[in-house]
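Values below: all heavy atoms of this structure, side chains included; hydrogens, waters and symmetry mates excluded. All chains are named by letter (A, B, ...) in the order of the sequence lines, taking the proteins before the strands, and each is independently numbered beginning at 1.
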Amino acid sequence: MTRYMPRPALQELLDIFARRGYRCVGPQERDGAITYDTLGSVADLPKGVRDSQQPGQYRLSHGGDARLFAWANGPQALKPLLFAPAEPLWRAAKTDRGFTVETVLPETRPLAVIGVRACDLAALAIQDQIFLRGEHPDPYYAARRESLFLVAVNCTHPAATCFCVSTGDGPHAIAGFDLALTELEDGFTVEMGSRAGEQVLAELDLPPAAASRIEAANAAVRQAAACQVRTLPGRNLRDALFSNLHHARWDDVAARCLSCANCTLVCPTCFCHAEGDEPALDGGESVHQRQWDSCFSERHAYIHGFQVRPEIRHRYRQWLTHKLGSWHDQFGRSGCVGCGRCLAWCPAQIDLTEEAWAICAGSGDLEENN
Amino acid sequence: MQINPYLPHEAEIVERIQESDAVFTLRLRFVEAEMRSRYSFWPGQFNMVYLYGAGEVPISIVSDPEDERLLDHTIRAVGRVTDGLARLKPGDRVGIRGPYGRGWPLKEAAGRDVVVVTGGLGCAPAVSAVNYIIKRRAEYGRLVIIQGVKKSKELIYRARYDAWARVPNTHVMLAADSGDVFWPGHVGLVTDLFERVEFDQGNVLAMMCGPEGMMVTAAKALAQRGVAEEGIFLSMERNMHCAVGLCGHCQFGGQFICKDGPVFRYPDVKGLLGIRGF
Amino acid sequence: MSEKRELALNVPVLARVEGEGALELRISGGRIEELKLRIFEPPRLFEKFLEGRGYEEVPDMVARICGICPVAYQMSAVHAIESIFGLDPGPWVRAMRRLFYCGEWIESHSLHIHLLAAPDFLGYGSVIEMAQDHPEEVRRGLALQGLGNDIIRLLGARSVHPVGARVGGFHRAPAAEEAAALLERLRAALPEARALVAWAAALKLPEVEQAFESVCLRHPDEYPMNEGRLVSDRGLDIAIAEFEREFTEFQVAHSTALYCHHRGKPYLVGPLARLNVNLERLPPAVREAALETGVRWPSRNPFHGIVARAVELYYAMTEAVRLLEGYAVPSAPCVEIVPKTGVGYGCTEAPRGILWHRYEINRNGRVASARIVPPTSQNQARIEEDLRLSLEQFGLDRPDDELRLRCETVIRNYDPCISCATHFLDFRAERS
Amino acid sequence: MGQSSAKAKVAVHKFSSCDGCQLAFLNLGEGLLQLAALVDISHFAEAGAVNPGAQVDIAFVEGSVTTPDEIERINLIRENSRYLVTIGACATAGGVQALRNGVENFPGWVSAVYASPEYIKSLAESTPIKNHVKVDLELWGCPVTSRQAVQAVRDLLSGIAPATSADSVCMECKRRGNVCVLVAKGEPCMGPVTRTGCGALCPGFGRDCYACFGPSERANTVSLSRRFEGLGLLPEHIARRFLFINNAAEKFSEAGCAALEKKDE
Ligand SMILES: Cc1cc2nc3c(=O)[nH]c(=O)nc-3n(C[C@H](O)[C@H](O)[C@H](O)COP(=O)(O)OP(=O)(O)OC[C@H]3O[C@@H](n4cnc5c(N)ncnc54)[C@H](O)[C@@H]3O)c2cc1C
Ligand code: SF4
Ligand code: SF4
Ligand code: SF4
């Protein structure tokens, strides 16, 4: 049953998490963007903040109202919290004859994240599939994922860069959350999505939401869906992309692309990472680390003496064909959840949707794929 | 706690063989008895070999899967880690984790003729497959082993080839792009030899490993000689860090070389083979 | 020997000095016939590079003049430019600049005391040899140097060519937690810094007495760093803008560094000059430590430079603690800038002494001309003078090796940026 | 693990520079003593070891070549060193002082600075070490970090080629959770074309990167210049972005000159 939570009660929710030993992370304004950091109290939330996004441009403004979630997203949300940008995997220590190896697992604490979007949940499902459901589950990701409590907030203010409707991943959070809120003028409607959510909700003791509020919430989300301007040419572009590997557009976009890798690192589903050793000066110990990598990086496709993807056009093509194409082979869906981050945070203002249209348009079977 | 797929296990170098100027074989033994008994692999699989303080590299397993004592890796010194590995001596230790990947289709090959085509160091991953067949010689048809090198002095495993050539119903054909006077084999491309190769067109399986250009040409030539594309297998190579399908480096279109390969059925990779950038 | 610079040039000179140095000494009939501290450091012509640059690029550019005291270059530059724009960045920025400078004094002084100077007085060739016998002292020195670097990092992200300073303030204000964590560490190290003063004072330093003029900044209330008037113990008292009226730079054939005289005479800048003039500006605890050394300030013995350096290091530690105790995150780390045209001056106390800058900014907020007078070129003439006096007192008939070591010790004692080069002083003594 | 018993000999040499890169060693703290225990420091003037002509295993070279005498010195050092590593922007790309290169009026500059220019022996150009001798490893950065220096020493002692990376600063920026200053503030940040290694310090401080680590592997300076135009920068300003600390690095000097040509149009 949908409940109603007046805005001041949000602090109570945070207090419940604190009592239960959770670290709370939520959106905050920092350095001109919405970033997810440890939340001290509701006062840290971006009250009255609006975002305006275009390819290569992100600006915040202050509306002066009481809304806390009236923006679309920031450069990151869940990914860095679970798939660490850089972390040690294990440590080798020299011995008389060889070395010993010791796992370095992250210290984790139950984590509650407030203000997760539908696209973030979709991306999380994909990362879960990659890191947890394969033949070799990743213990580092698993450790962080274990006690995660997710409070989704349905998106009511998508940015011009958003296209989650087109990918089918938003703006309405359908699954994967413990609680889902929709922000109204004076408070939130609350739905629960799990046993854990139910327990927390019970502690909050909220009244059922009036039908008018439920309708207002639904309308806000419907309206959010209706105002999205961007789309992808289809849900499955695998064939369209792989039959256009020599399209002139690859050269065109390569002339603009900086090969800086921002798109892949803000993408909530990209999972590439590099491993390497960092030995101590005296050689007595060596820490084996991993960190986010990207198919735009120098060494991503390097094999001794040979660059498999020497030029920017090869790298951009890898990004797009993987994200929107071969992802289907690997994980049964597209790797894009329509969050628009790769557009907004591309310093060269490259718009993935526009490139996809330019390359796939004219591939006849698009309609059928949808 | 879950097992950690990233942890290497210590292995000691029991013997080191210099195969050619830059190629050497390390014969390894796990330090922990438990690993020695637990570890088993299938021909064509590979390990991640860790050099202390430097990093890990994927290296195919050369030894006989039934040899429980030693694990052999033949390595060419080409860069940071492999150069470092080249400096190790017997008694030194490396880290091993694995085995990884899908190996050669030796079950599927039973009862058929087998053509093994390798180029350069591509011969290494094929060795254990050949040994496997030779141990079960009666279960397979004709065995043709074709190996090509650029220069004749780069040929390694000469003694092995000689021994294999003496096995019944087994043919060894060697090719070098340029050979010296003592070169017993063909001077020219590996693919030239295909015209001379004899096998049962309808019941043959080909396994290939080597430079991609060579494999593409060879696959086409074999297909032309009537070998079914489903019966042609290639072992592929891409940059690799984790070997368990998570790091993303070894992608080849939709395939991960580390877990979907390194050995692929030709039709599964044919579409992207030879296209620059994949 | 000296030649006056043509004053007609309105793009004056910066010749870098850190680096290659040599000493030529000619002794004849028991007299020093010729003594030349030669500096070969190739000229890098920064003053020309600065022309046409935007005012906002200046702090990043001038840092590159010296890797050991980049903060000093940045501070003199921003003060000069702000004086043109008529900008007052306010108390927070002022305090943080002082903190920033404390970091550099601590780092640079500790480096000089331990890595460059002390081995001379304890009879070692290098700090590494010294560490064998004095591991605790060397560790203490390295730790203090590290703390200085950490202060610079707090405000500048890195200790060499920090990136945090700008015209108008800083690019970023440290978070309260970062400041608190550093404060904690600094407090814990205060006794070490205090102990360093006593240790430096106990070094066996040559006893000499020389007459020289100590030139430095003087501030009405505090020990000088970023602001003040240019004063000396011989009555100089001018605004920094008047520097060029009193001080003359000139070139000599044997050096790529320019020399500088005050009214035709050598003078001293740096820690000893500062302490000689500003002793009573030290807070009581530090002044007490300075007095306990047994040195009678003002001191006429240039070798007391190392003691002065230790006192200043201790002072910078206490000052950093004081500034961090009052730390609060400001609403903005810098003030709005409206570029203006004009000429402005900046003079701050680099670890090695006054560093004087003059800029002319044109209509587009670009540098029309720049002039920079670094401390080492100001001390150069004084070093040569000291060398003469010290050697004569030391005895010119001593063996080459001893003469050479004494010369090196004298030069290093000034912590010139050529200190590195004077470690391999190409010493030639001609006797006839 | 490939470590020979005889200690490796190491030298640190200085050419035209600010001394800042040597501090990567001198600022190691405790590590400096560790280093001294690990290797024989044959020559490192600032640390007190003087033997410029020593035969060494590893020579670190700071600074660019700007005088005739320095050409001789670098040749000697090369002859005496097994492995030569340049440290910093000066040694690797000519440094900020390469701004004088190609200045037609270079003698004029010198005489503007020196009353008696005839005393000044200086080459017309400031050039990187690689223009004069073979360089085995380049460590970029103005200044290089202790981490780079230590990693190079460690790897060489272990007998392996030192690991380096030429990825963009952006990658490190994103890993550190910095907010992009180009996208969120419209700052003309050089990060997308700049080599990683500093730890994305400038954007971490909310400001634009000024490329002190030199060009990244695939630096698309043409595209970034265009983007800067879009941010409202005049060609002359774009030129200054590229012609700064690493002005003589090929990709930057090309981009800078291209912008200057536009300015003259
Ligand atoms: C499945 C598989 C089996 C292999 N079997 C063998 C073998 O039996 N013998 C042999 O000598 N070599 C083999 N290789 C190639 C070997 O892994 C590379 O030569 C080695 O990684 C080079 O590492 P390096 O550090 O010496 O070289 P560098 O050029 O310094 O490479 C740096 C890093 O790039 C990556 N890399 C570079 N080249 C390759 C490559 N070819 N493949 C994958 N990653 C690479 C690695 O992460 C490496 O650490 C195999 C590769 C794969 C994928
Ligand atoms: S798009 Fe590139 S970075 Fe992202 S997962 Fe695919 S290969 Fe990796
Ligand atoms: S598409 Fe944009 S963000 Fe991605 S690598 Fe290219 S320039 Fe960078
Ligand atoms: S961000 Fe750029 S300019 Fe700043 S320190 Fe790093 S490389 Fe240098």
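Residue contact with chain A, scored on non-hydrogen atoms closer than 4.5 Å, involves the side chain of D/Arg227 exclusively. Using a 4.5 Å cut-off between heavy atoms, A/Arg30 contacts chain D through both its backbone and its side chain. Heavy atoms closer than 4.5 Å to chain D are found nowhere in A/Ala84, neither backbone nor side chain. With a 4.5 Å cut-off on non-hydrogen atoms, D/Val222 does not touch chain A at all. When heavy atoms are compared at a cutoff of 4.5 Å, A/Gln307 approaches chain D solely by way of its side chain, counted from C-beta outward. Looking at D/Arg176, neither its backbone nor its side chain comes within 4.5 Å of chain A, counting heavy atoms on both sides. At a 4.5 Å heavy-atom cutoff, the contact between A/Thr35 and chain D is made by side-chain atoms alone.
Each of A/Tyr141, A/Phe131, A/Phe271 was compared with A/Phe83 under the ring pair (Phe, Tyr, Trp, His ring centres under 6.0 Å) criterion, and only A/Phe131 meets it.
Of the listed residues (A/Ala254, A/Cys346, A/Ala280, A/Pro80), the one with the most heavy-atom contacts under 4.5 Å to chain D is A/Ala280. Listed options A/Ala255, A/Gly276, A/Gly74 were ranked by heavy-atom pairs under 4.5 angstrom with chain D; first place goes to A/Ala255. For chain A, the option among D/Ser165, D/Pro192, D/Gly177, D/Cys189 with the highest count of heavy-atom pairs below 4.5 Å is D/Pro192. The greatest number of non-hydrogen atom pairs below 4.5 Å with chain A, out of D/Ser168, D/Gly230, D/Gly31, D/Ala163, is found for D/Ser168. No other option in A/Gln349, A/Gln57, A/Glu311, A/Gln76 has as many heavy-atom pairs under 4.5 Å with chain D as A/Gln349.
Between the A/Ser297 side chain and the A/Asp293 main chain, no donor and acceptor come within less than 3.5 Å of each other. Judged purely by atom type and a 3.5 angstrom limit, D/Glu172 has no side-chain atom pairing as donor or acceptor with the backbone of D/Thr196. Between the side chain of D/Asp155 and the main chain of D/Ile160, no donor-acceptor pair closer than 3.5 Å is present. Put simply, the side chain of D/Lys185 gets close to the backbone of D/Gly206: a donor and an acceptor are under 3.5 Å apart. Put simply, the side chain of D/Glu187 never gets that close to the backbone of D/Leu182: no donor and acceptor are under 3.5 Å apart.
Geometric assessment of A/Arg59 against the ring of A/Trp71 yields a negative cation-pi assignment under the 6.0 Å and 45° thresholds. Cation-pi contact between D/Arg207 and D/Phe205: absent, since separation from the ring centre below 6.0 Å together with deviation from the ring axis within 45° is not met.
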